[in-house]
Structure formats: C-alpha cells, structure tokens
Amino acid sequence: MSHTIAPVLGEATIQELRAAVKGQIVTPGDDDYAEASSVWNGAHDGHTPAIVVRCAGAADVITAVGFARSTGLTIAVRGGGHSVAGFSTCDDGMVIDLSEMNAVRVDPIAMRATVGGGAVWADVDHETQAHGLGTTGGLVSSTGVAGFTLGGGIGWTMRKFGLACDNLAAADVVTADGRLVHASESENADLLWGLRGGGGNFGIVTQFEFDLHPLGPMVYAGPIFYPAAAARDLLHAFREWAPNAPDEVTAIVNLTSAPPLPVIPEEWHGKKVAAFLATSAGAVDEGPGLVAAIRQVAEPIADLLGPMPYNVIQTLIDPLWPKGIEAYFKATNLARLDDDLIDRLCAAHLAAPGPQCEIHVHQMGGAIARVHDGATAFAERSMPFVLNAVTGWQESEAGPAHRDWARAVIGAASDEARTSYGEDTYDRLVSLKNRYDLTNLFHLNQNIPPTGS
Ligand SMILES: Cc1cc2nc3c(=O)[nH]c(=O)nc-3n(C[C@H](O)[C@H](O)[C@H](O)COP(=O)(O)OP(=O)(O)OC[C@H]3O[C@@H](n4cnc5c(N)ncnc54)[C@H](O)[C@@H]3O)c2cc1C
C-alpha cells in the first residue's frame, strides 16, 4: 500500500477527527497553520501538510495513526522538530505532532525519569537537575528527546553514562496497527533493541523511561578557543589525548569561526578559530587535571573551560542554532584521525564558505565502546571518533555552497568512513520492521524498508 498520494479529505471527515481527539487539529487556513507546519530547519519550511494533529496523549496518537492508515495519508512524526533532513513535516499528509506531550517525571529513588514523546532536552534537564541527576542529552537544549534517542544520541556525558539510547530502559510505542505496546528488557525486548538506534521506524513513542545518574549541579565544562593556526596542533594533541582520557570527560574539537560574544576578544569575532570543548561528569576539582595536556597546545584566545552549572553547558550554544536557520549536517564515523586527514580538515576549515561552517571531531569510546556491537541497533561502537560537518546560513542562495562544503568535508574522510549499520544489525532491523510496520507506514525517517509483504 502506498502512503504517498494525498487523498481528498472532505470537511466532514476532518470533523470526525476533530471530534475524536482531545488535542488540536490544524488545517490550511487556520491562523496557526504556518507555525504548526514549520520545523526547525528553515531549509525545509514551506511544506504543506493536509492536517497537523497536536496530540494531547497516547489516545490521540492512536486515533491519528488509525485515521492516516484508513485515509492513506502520509505520516510525518514530530518530536522536537529538529530533523535536519526535514522528516518531521510533509506535503499533503498528516503531521503527528507530539510537542504538547512533554511532561517529565523524576523518581529520584529509582533514579528513573519518564519523559513524554514530544519533550526536548531542556525539559528533561530542568526536572532531573532539581535532584542532582541527569542522563545523556543533546548539545542544543531544544533538540527533541525522541528523534535524538531513537538515533543513538551523542552528548556531553556519553563516555561516562553511554549514549542516550543506552539509558533508554523502556518505552510506550503506538505501532502501525494502532496498538500501544510497552517495550522493555522483559517485554517486547526486540522492539526496545530496535528503538536503541533504529530511528522512528517501528512506531511512535509516546513515553520514554530513562536511567538517571548523579550529575552536577556543577560540572567542569566549556570551551577553549585557539587561533585557526593552532588547529593542526590541537587535532594532533586531541588524537593522542582522547583514547586515554578517563570516561568522566567527553570532548569535541570544533574548527569554526569565533562567535561575537563579549567573553571573546572583539578582534577575533567572526575569525576562524579552533575550539576545544569538554564536559567532565566527575568531580569539579579533578577537571583541570583531565585536560592539562590540551591546555599546552598553544596560547588560547579565550579559555572558558571551568566550573559551571550543568544546565549552562547544556544551553551554551543554543543561541547559535535558533529555529528557522537553514542548515545541513553530515557525519561519519572515523576509525583513525591520521595526519593526512587532519591536514585536509584544516584546509577545509580555512575554505569554509560562511561563519557557521563547523567541523566537529567528537571523542567517542568510554561507556559507548563497552556495550557490544549487537546489543543495540546503534552500530560501530568501537569507533574512536565521529566527524560531523555542521553548517547553517541565513540566505537561501548560500545553501548550495554550504551543502557542497559539508559533503566535501565528509568526503575528505571517505577512506575512514563507516556509515552502515553492519549486515547483522541491518538484517535484524529489517525483520523487526517486517514485524511492526510491514506497509512502511512510518517511512519519513532514516528508513529501513520492509522486505516481506
Ligand atoms: C541544532 C541541532 C543540534 C543537534 N545536536 C545533536 C547532538 O548533540 N547529538 C546528536 O546525537 N544529535 C544531534 N542533533 C541531531 C538530532 O538528534 C536529530 O536531528 C533528531 O532526529 C532530532 O530529534 P527531534 O525529536 O527533535 O526530531 P523530529 O524532527 O521531531 O523527528 C526526527 C525523526 O525522529 C522521528 N520521531 C520524532 N519523534 C518521534 C516519536 N515520538 N516516536 C517515534 N519517532 C519519532 C521522526 O519520525 C523523524 O524521523 C542535533 C540536531 C540539531 C538540529
């Protein structure tokens, strides 16, 4: 069955849906239609869904899925709306928007948080930090918990606590046939396995349950900015330091341009810089010792790495990535960070077409690598680094140059590129997809097409 052709929906049919849900139905012509159909990435604005269902709870999600199935509407699922590829909106179909379902409840004794399927990381951090607890979340606090966790989820505490998906203990999922299914280690364990890295392929998660850990409120965190001329030395030092650093610390090298912040000398604003950013989830007073080797690389422009509240590091770069900016990200795993690649990344940094062109080299390892490869759907856990080319721009005409640049950055690492799930994991994902979504109702995602029909 195809879900790509827009059916003609009569007003009476839409009225039936309005009557059946507790949340709000938004259709073209409604005052808030433009807002309801927009997503974070401005490059994907202007899509025209036939219906946006702002779900109030799991019952609305079940109703919306049933309605889309019976009318043949394409489904786009929206958690935080941060899909860079624009998966959380569509033309002529139905956006199932969970953003109102953002409640977070913390059980500090069990060290667990239940999190609504439309919550963003700011919601989780706010509630968990009140108890001195936390779990691995995104680098930007407006990123959705759902898409982030289902894709794996790399964040500041991942080397200590694991990826977001490693902390996912259970989930409630509305499946393609409209059932609400609980997935945990003891119930539908195969589904939980697939949710830990297999994306939005198997259903709509209405509630997540996460393991929490003691964290903060103060951590040792922040950036050190060096001149671009020190980028090569920084990457060499990072390559030696990263594999031997204790799990407490998670770091990134970011080849970027200096943001216009008062804490950075004005003459550097907008100039190319090499930043080292780190967060230690351990004791604050042990922080300086963890990064001493990096501090010797060069004279910094600004050294802002020090004690700060966890909630501050979690929101530090939010202003650089507001909703509506046009963006393109491309990533790959790196088995090595060899001299040639370092030189190519430094050259690409200097050739960047705009101020929001960033080359991130993430330090992996630690708790991520201690989970064996087949244990979750997140592949290639032994990779020591992840390379991410991150670009944003203001004027649409600048899009092609930025996209080409990001592709070239990742292309420069092509020898080391390992982007697939791996054969065994992929086969397992396909059989799970066959079991839970044989008609590919949920296909606007990093899609695993079903094979049996
Ligand atoms: C500014 C920014 C910063 C980022 N930082 C990081 C980072 O630090 N680390 C990292 O790992 N990634 C990061 N990402 C990538 C991010 O994790 C993904 O884009 C993720 O998909 C966003 O999740 P979302 O819920 O906001 O997305 P949405 O756009 O709402 O959805 C994305 C995908 O998830 C599916 N989905 C959404 N909600 C549900 C649900 N409730 N149930 C089932 N499927 C659902 C959708 O079908 C869609 O395919 C960042 C992205 C942006 C734009």
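All ligand and atom numbering here is 1-based and tracks the order in the structure. Atoms considered below: every heavy atom in the structure, side chains included; atoms not considered: hydrogens, waters and symmetry mates. Along the sequence shown, the residues carry numbers beginning at 1.
- Remark: the N254 side chain and the E358 side chain contain an N/O donor-acceptor pair separated by less than 3.5 Å.
- The atoms of ligand 1 that sit less than 4.0 Å from any heavy atom of G80 are 24 (P), 25 (O), 26 (O), 30 (O).
- Taking every heavy atom of S83 and a limit of under 4.0 angstrom, the matching atoms of ligand 1 come to 19 (O), 27 (O), 28 (P), 29 (O), 32 (C).
- Inspection of the S83 and N41 side chains reveals no N or O donor paired with an N or O acceptor under 3.5 Å.
- Per-residue contacts place G117 under 4.0 angstrom from the following atoms of ligand 1 (heavy atoms of the residue considered): 41 (N).
- For the residue pair D437 / N201, no side-chain donor-acceptor distance below 3.5 Å is found, with atom types taken as modelled.
- Regarding atom 42 (N) of ligand 1, its nearest protein heavy-atom neighbour is V205 N, 2.8 Å.
- Of the heavy atoms in F148, both backbone and side-chain atoms come closer than 4.0 Å to ligand 1.
- Nearest protein heavy-atom neighbour of atom 37 (C) of ligand 1: G79 N, 3.6 Å.
- Heavy-atom proximity to N445, at under 4.0 Å, picks out these atoms of ligand 1: 49 (O).
- Across R381, E380, M158, a single residue satisfies side-chain contact (heavy atoms from CB on, under 4.5 Å) together with M364, and that is M158.
- If you check the side chains of R428 and Y421, you find no donor sitting under 3.5 Å from an acceptor.
- A perpendicular orientation is assigned to the rings of F329 and W321, their planes being inclined by more than 60° (bins at 30° and 60°).
- In this structure, G155 falls outside the shell of residues with a heavy atom less than 4.0 angstrom from ligand 1.
- Look at A85 and you'll find every heavy atom at least 4.0 Å from all atoms of ligand 1.
- Proximity of I62 to L180: side-chain heavy atoms (C-beta onward) are separated by under 4.5 Å at one or more points.
- Counting only N and O atoms by type, the side chains of D45 and S38 include no donor and acceptor under 3.5 Å apart.
- Looking only at heavy atoms of the protein, atom 31 (O) of ligand 1 is closest to V77 O, 4.0 Å.
- Ion pair E35/R54 not flagged as a salt bridge, since none of the NZ, NE, NH1 or NH2 atoms sits closer than 4.0 Å to an Asp/Glu carboxylate oxygen.
- Between R112 and D211 there is a salt bridge, with a side-chain nitrogen of the basic residue lying less than 4.0 Å from a carboxylate oxygen of the acidic one.
- Under the 30°/60° scheme for interplanar angles, the aromatic rings of F208 and F210 are found to lie parallel.
- Residue G153 approaches ligand 1 through these ligand atoms, each under 4.0 Å from one of its heavy atoms: 11 (O).
- Counting protein heavy atoms only, atom 34 (O) of ligand 1 is closest to G147 CA, 3.5 Å.
- Checking K272 against T256 by side-chain atom types alone, no donor-acceptor pair falls below 3.5 Å.
- Ligand 1 has a nitrogen or oxygen under 3.5 angstrom from a nitrogen or oxygen of S88.
- Listed by number with element, the atoms of ligand 1 under 4.0 Å from a non-hydrogen atom of G144 are 23 (O), 24 (P), 25 (O), 26 (O).
- The aromatic ring centroids of F276 and W241 lie less than 6.0 Å from each other.
- The shortest contact between atom 9 (N) of ligand 1 and any protein heavy atom is with I154 O, 2.7 Å.
- Contact between F329 and ligand 1 is present, with at least one heavy atom of the residue lying under 4.0 Å from the ligand.
- Residue-level proximity to ligand 1 for L444 is carried by the backbone, the only part with a heavy atom below 4.0 angstrom.
- Within the structure, the closest approach of G81 to ligand 1 falls below 4.0 Å when heavy atoms are considered.
- Here the heavy atom of the protein found nearest to atom 44 (N) of ligand 1 is L150 CD1, 3.4 Å.
- Put simply, atom 15 (C) of ligand 1 has no protein non-hydrogen atoms near it, under 4.0 Å away.
- In this comparison of A146, P322, G138, the heavy atom closest to atom 39 (C) of ligand 1 sits on A146.
- Within the listing of ligand 1, atoms 48 (C), 49 (O) sit less than 4.0 angstrom from a heavy atom of F87.
- Close contacts of ligand 1 with G200, meaning ligand atoms under 4.0 Å from a residue heavy atom, involve 44 (N).
- Of the listed residues (D172, L191, V174), just one forms a side-chain contact (heavy atoms from CB on, under 4.5 Å) with V181, and that residue is L191.
- Regarding atom 50 (C) of ligand 1, its nearest protein heavy-atom neighbour is T143 OG1, 4.0 Å.
- Of all protein heavy atoms, the one closest to atom 18 (C) of ligand 1 is H82 O, 4.4 Å.
- Side-chain contact, H47 with S37: no donor N or O sits under 3.5 Å from an acceptor N or O.
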